[in-house]
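Structure first, then comments.
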Amino acid sequence: MSCLFCKIVAGEIPASKVYEDDRLIAFNDINPQAPMHVLVVPKQHIPTLNDLSAADDELVGAMARAAATIAKDRGFDGPGYRTVFNCNAQAGQTVFHIHLHVLGGRVMTWPPG
Ligand code: 5GP
Ligand code: ZN
């Protein structure tokens, strides 16, 4: 198993965990791009958004709801926060195990870089 996030899920590599349930884990990004920068990661290995099927709809919904709960717990539900899925090279995906970035605590610009 060479996937970094599978190793974090398995507890083989430490992470600063902020949430966990039977199918998801969330932890602080090692290189935060905002005061809050959490990654919501399914325990199941899915390389990219392109690999999702209808069977994953509930899982992805749970990821979005976990992101909203994590942001709300930090008081960012009102001010706002950003969620991002990067998919493949041009979007800057570097870890090929899907993850939802949850960023908050500063003003975000648009368009993104
Ligand atoms: P991507 O670029 O694939 O959308 O996002 C991967 C994210 O994983 C990056 O923001 C990067 O900082 C983060 N990351 C990479 N290696 C580690 C690690 O070992 N631990 C944690 N917590 N985050 C990591
Ligand atoms: Zn994986």
Side-chain angles (χ1 to χ4, degrees):
M1 185 175 68
S2 60
C3 171
L4 176 66
F5 287 175
C6 281
K7 286 180 178 162
I8 289 177
V9 167
E12 292 169 13
I13 291 177
S16 165
K17 213 181 290 182
V18 302
Y19 176 81
E20 183 169 13
D21 63 26
D22 54 333
R23 56 192 170 175
L24 302 179
I25 185 171
F27 49 86
N28 291 311
D29 197 291
I30 206 167
N31 182 24
Q33 301 302 310
M36 172 184 69
H37 187 171
V38 171
L39 303 173
V40 178
V41 178
K43 291 184 173 178
Q44 181 188 344
H45 180 82
I46 301 171
T48 79
L49 230 54
N50 296 331
D51 301 301
L52 290 171
S53 70
D56 302 313
D57 287 0
E58 210 188 323
L59 178 66
V60 176
M63 291 173 74
R65 298 235 310 130
T69 300
I70 290 162
K72 186 174 183 180
D73 285 350
R74 288 160 179 72
F76 296 131
D77 52 335
Y81 56 95
R82 180 164 294 172
T83 54
V84 176
F85 279 108
N86 291 322
C87 182
N88 277 340
Q90 284 206 351
Q93 185 176 4
T94 57
V95 178
F96 289 85
H97 177 137
I98 61 165
H99 48 280
L100 182 57
H101 294 260
V102 192
L103 301 124
R106 66 170 172 84
V107 173
M108 304 287 162
T109 58
W110 195 265

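Both counts, for ligands and for their atoms, begin at 1 and track the order of listing.
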Close approach, G92 and ligand 1, non-hydrogen under 4.0 angstrom: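 Distance cut 4.0 Å: G92 passes for ligand 1.
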Residue-ligand contact Q33/ligand 1, heavy atom below 4.0 Å: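 Distance cut 4.0 Å: Q33 fails for ligand 1.
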Parallel, tilted or perpendicular, as decided by the 30° and 60° cut-offs, for the rings of H101 and H37: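 Because their plane-to-plane angle lies in the 30° to 60° range, the rings of H37 and H101 count as tilted.
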Taking [atom] as the reference point, the nearest protein heavy atom with its distance:
{"atom": "atom 15 (C) of ligand 1", "result": "L4 CD2, 4.0 Å"}
{"atom": "atom 24 (C) of ligand 1", "result": "I30 CG2, 3.4 Å"}
{"atom": "atom 1 (P) of ligand 1", "result": "H99 NE2, 3.1 Å"}

V41 and I8, any side-chain heavy atoms less than 4.5 Å apart: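 I8 does not reach V41 side chain to side chain.
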Under 3.5 Å: N/O of D29 near N/O of ligand 1: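 Looking only at distances, the answer is yes, because the N/O contact criterion of under 3.5 Å is met.
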Ligand 1 N/O within reach of N28 N/O, cut-off under 3.5 Å: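 Checking ligand 1 against N28, an N or O pair does fall under 3.5 Å apart.
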Common cluster, F76/V38, ILVMFWY with side-chain heavy-atom separation under 4.5 Å: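 Linked within one cluster.
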Joint cluster assignment, L4 & I25, ILVMFWY side-chain distance < 4.5 Å: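 Yes: a chain of side-chain contacts under 4.5 Å links L4 to I25.
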What part of [X] sits under 4.0 Å from ligand 1 if we count only heavy atoms: the side chain, the backbone, both or neither?
{"X": "T94", "answer": "both"}
{"X": "F27", "answer": "side chain"}
{"X": "F5", "answer": "side chain"}

Sole residue of H45, Q44, K43, K7 in side chain to side chain contact (heavy atoms under 4.5 Å, CB included) with H97: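 In the set H45, Q44, K43, K7, the residue that makes a side chain to side chain contact (heavy atoms under 4.5 Å, CB included) with H97 is H45.
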For N31, atoms of ligand 1 separated by under 4.0 Å from a heavy atom: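 Selected atoms, number and element: 12 (O).
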R23 (side chain) donor-acceptor with M63 (main chain) under 3.5 angstrom: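 No, the answer is negative, given that no donor and acceptor are paired below the 3.5 Å cut-off.
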Main-chain N/O of G92 paired with Q90 side-chain donor or acceptor, under 3.5 Å: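 Absent.
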Heavy atoms from other residues, nucleotides or ligands near CZ of R65 exceed 12 (cutoff 6.0 Å):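 Result for CZ/R65: open.
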Pair I98-L52, side chain to side chain contact (heavy atoms under 4.5 Å, CB included): steps then yes or no: CA-CA 10 Å; I98 61 165; L52 290 171; 4.0 Å; yes
With the Zn ion (ligand 2) as the apex, the ND1/SG angle for H97 and C3 - to 10°: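 Reported to 10°, the angle equals 100°.
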The Zn ion (ligand 2) - name of the N/O/S atom of H45 that sits closest to it: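 Nearest N/O/S atom: ND1.
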Among K7, H37, H101, K17, closest by any non-hydrogen atom to atom 4 (O) of ligand 1: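 It is H101 whose heavy atom sits nearest to atom 4 (O) of ligand 1.
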